[in-house]
> 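Let me begin by handing over the structure; questions about it come next.
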Protein chains: 2
Amino acid sequence: MSSIKNGRRPTARDVARVAGVSQPAVSRAFTEGASIAVETRDKVLRAAKELGYRPNLIARSLTTSRSRLVGVAMSYLENPFYPAMLERIAAILADAGYKVLLFTSPPGAPCEPLLEDVLRNRVDALILASASITSRFAEECSRAGVPVVLVNRRTPGHRTSTVTGMNEDGAVVIAERIARAGHRRPAFMAGLENASTSQERERGFLRGLVAAGLPEPLRVVGHFDFERARSAMRALLALPKPPDAVFCANDYMALAALQTLHEESALRPGRDISIIGFDDIPAAAWPSFALSTFSQPYALMAERVVARVLDQLRHPGRPAVEDVVPGSFLQRRSSRPVRA
Amino acid sequence: MSSIKNGRRPTARDVARVAGVSQPAVSRAFTEGASIAVETRDKVLRAAKELGYRPNLIARSLTTSRSRLVGVAMSYLENPFYPAMLERIAAILADAGYKVLLFTSPPGAPCEPLLEDVLRNRVDALILASASITSRFAEECSRAGVPVVLVNRRTPGHRTSTVTGMNEDGAVVIAERIARAGHRRPAFMAGLENASTSQERERGFLRGLVAAGLPEPLRVVGHFDFERARSAMRALLALPKPPDAVFCANDYMALAALQTLHEESALRPGRDISIIGFDDIPAAAWPSFALSTFSQPYALMAERVVARVLDQLRHPGRPAVEDVVPGSFLQRRSSRPVRA
DNA sequence: ATGAAAGCGCTAACAG
DNA sequence: CTGTTAGCGCTTTCAT
């Protein structure tokens, strides 16, 4: 029936032949807003359907030099914050006609190995979540004309747009709350030492504690990892004088801390000790945890980061923007309320 | 310095000119195992580095008609089982030189709208997780020569390879456990009515109950959704004669059930009532939950699905395979142990 | 081992 | 509105 030999997939030329039009006419029939007569288009579409033709987007990318692909680099997918944001990002990009090319790097790995891969694949833009960026990386991308936007990470001194939560200010609020709840021995559980989120939250926490006249916090490192956060919490509990309030650099670690507490200590969270996180992941609101936290609205952050990407795509050369998405403290049962 | 006008990205021709070789020579220099003299290659690589050249994989895809892209369609990313598997799949595919093009569909949406997108993007293969597949979909992909592998879903009667856990047999084991623990009023919480996982687990559960001489279970539907699972659990608890053992079609819903129980009932899980899930997501092992469950090893499933994809890519036309990955029952505290 | 030539499937520019 | 002509940047014969 169809005049296509063996297993080849039909091309625009095949369709053109069947429809009795030129090959570019087929192209126009499949291009939104191209100038083509309705009847011609119908003829083409009919022939296309008959042959099972679908435009080859790879070929289109080559000619237009736009792939409609956005690279998304993400790790720590076991922290529910990230898949939640990823799903939103993918959905919003899809609405804008872009697809997500996923790059997952092993946790804590440098972003450099991505560079080559990303640039060779000719993504139109790059979203870096839970990853830092080196100046060489930023430089090369900018030279290649690939906009880069960081989410939930910041790299000081580089002209890269970012979308973050209120890391520092949120942590200040948390310190205040801890002080006003009457705590005397604060502790901080860091994530990864070189992660800007962890650093900023720690900085804000210190500032807030000092302002409230509290001592410098005890300090452990949980590496944003569940098991290592449990160990870190255990270490705190084993201290001669354990803390009475622990601020964890994210919710995921705070949940680990809470459970270690339940399991291995008689201290009652929200009474004898306060556990506070950062992010407001869905599980934080689960009744078993009722984790007090400072929210980072992932859906909003997803919207903002995509908006930023599209903006940079439309207006190349626009200066980088640091977008701080507002959040708020959520008092739940894992921390002592402030005194009246 | 370099002879490239304005902001264009350097091409193989630019490199060829600088290196004083032909353009195909540049191609060979970047192709593993191509026949090229070492010194020529060095000249090329030097020139390439100087210009900041990177091969354009889109152009390569067009000529080779292989994109080295694998589509991964996934939804329900809020169920930790899926991101965990996604991360593994992406990592293993990356090792094999493939990238992941992500397709996220709204939960419960039909897979049909994906078809067009997937086929136009010329992915080399497609992995469908948490999605069913229609015969037209399978048919079109096979016609286009795009291998499709389903993970954690099965579609009866279609010649599509699948990788699943032991849904039916696992559920039989669960029924036996419930019987041997002395329970008398079992209940089943379904996921989505049209999901094969939910159906198979229900079928196995029924079979196991019958074999053990227990009555048909009460039945509610949680739609694989946290909040709807809570409502479903509430409905069960509000019954004049509530169940004494609830098997939930997956862990995520079982966690919801457990928490609703804690919050809104005096029944103690593991004593007055048993709650059992399916998957063994990381949170199931968390001390707060200690959820009894039947495991689906997501890392192994990821390996198998990628292996299947690569196999079909290497040997097109090989018959479809149904791969059932073994799991086992994990007795934890949320369910009553069998009596001695 | 290397270069010349052709072509992958499409869009863009230009006549008509 | 439509066809003709040229590429996009690469890989692939095929000579040499």
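So that the names make sense, note that chain A is the first sequence line, chain B the second, and so on, each numbered from 1.
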> At 4.0 Å (heavy atoms only), tell me whether B:S65 reaches a base, stays on the sugar-phosphate, or touches nothing.
nothing

> Let me know the distance between CZ of B:R41 and P of C:dT2, rounded to the nearest Å.
10 Å

> Tell me which of A:T64 and A:V38 sits closer to the 5' end of DNA chain D, going by the nucleotide each one is nearest to.
A:V38

> Would you classify B:Y53 as touching base, sugar-phosphate or nothing, given that sugar-phosphate means primed atoms plus P, OP1 and OP2, and contacts are heavy atoms under 4.0 Å?
sugar-phosphate

> Starting the side chain at C-beta, find the nucleotide from D:dT13, D:dT4, D:dC10 nearest to B:R28.
D:dT13

> May I ask you to say whether A:E116 pairs ionically with A:R120, meaning some side-chain N is under 4.0 Å from a carboxylate O?
yes

> So if I take every side-chain heavy atom of A:T40 and compare against D:dC1, D:dG9, C:dG3, which nucleotide ends up nearest?
D:dC1

> Taking CD from A:Q23 and P from C:dC8, how many angstroms apart are they, rounded to a whole number?
11 Å

> Could you tell me the separation between the CG atom of B:N121 and the P atom of C:dC10, rounded to a whole number of Å?
13 Å

> Looking only at side-chain atoms of A:S22, point me to the closest of C:dA5, D:dT4, C:dA1.
D:dT4

> What is the distance, rounded to the nearest whole Å, between atom CZ of A:R120 and atom P of D:dG9?
16 Å

> Give one of base, sugar-phosphate or nothing for B:S61, where a contact means two heavy atoms less than 4.0 Å apart.
nothing

> Between atom CD1 in B:I58 and atom C1' in D:dC8, what is the gap in whole Å?
11 Å

> Nearest nucleotide by nearest heavy atom, which residue falls closer to the 5' end of DNA chain C, A:T31 or B:S35?
B:S35

> Rounding to an integer number of Å, can you tell me how far B:L119 CG sits from C:dG9 C1'?
16 Å

> Less than 4.0 angstrom from a charged side-chain N to a carboxylate O is my criterion; do B:E139 and B:R136 meet it?
no

> Can you tell me which nucleotide in C:dT11, D:dC10, C:dA1 comes closest to the side chain of A:R60?
C:dT11

> Does either side chain, that of B:N152 or that of B:Y298, offer a donor lying less than 3.5 Å from an acceptor on the other one?
no

> Rounded to the Å, how far apart are B:R8 CZ and D:dC8 C1'?
11 Å

> Can you confirm whether the side chains of B:T197 and B:R153 place a donor and an acceptor under 3.5 Å from each other?
yes

> Measure from CZ on B:R13 to P on C:dA6 and round the result to the nearest Å.
15 Å

> Among the candidates D:dG7, C:dA4, D:dT2, find the nucleotide nearest to the side-chain atoms of A:T63.
D:dG7

> Under 4.0 Å between any heavy atoms, over every strand shown, what does A:L62 touch: base, sugar-phosphate, or nothing? Just pick one.
base

> Only one of B:Q312, B:R304, B:R308 passes side-chain hydrogen bond (donor to acceptor under 3.5 Å, both in side chains) with B:S161; say which it is.
B:Q312

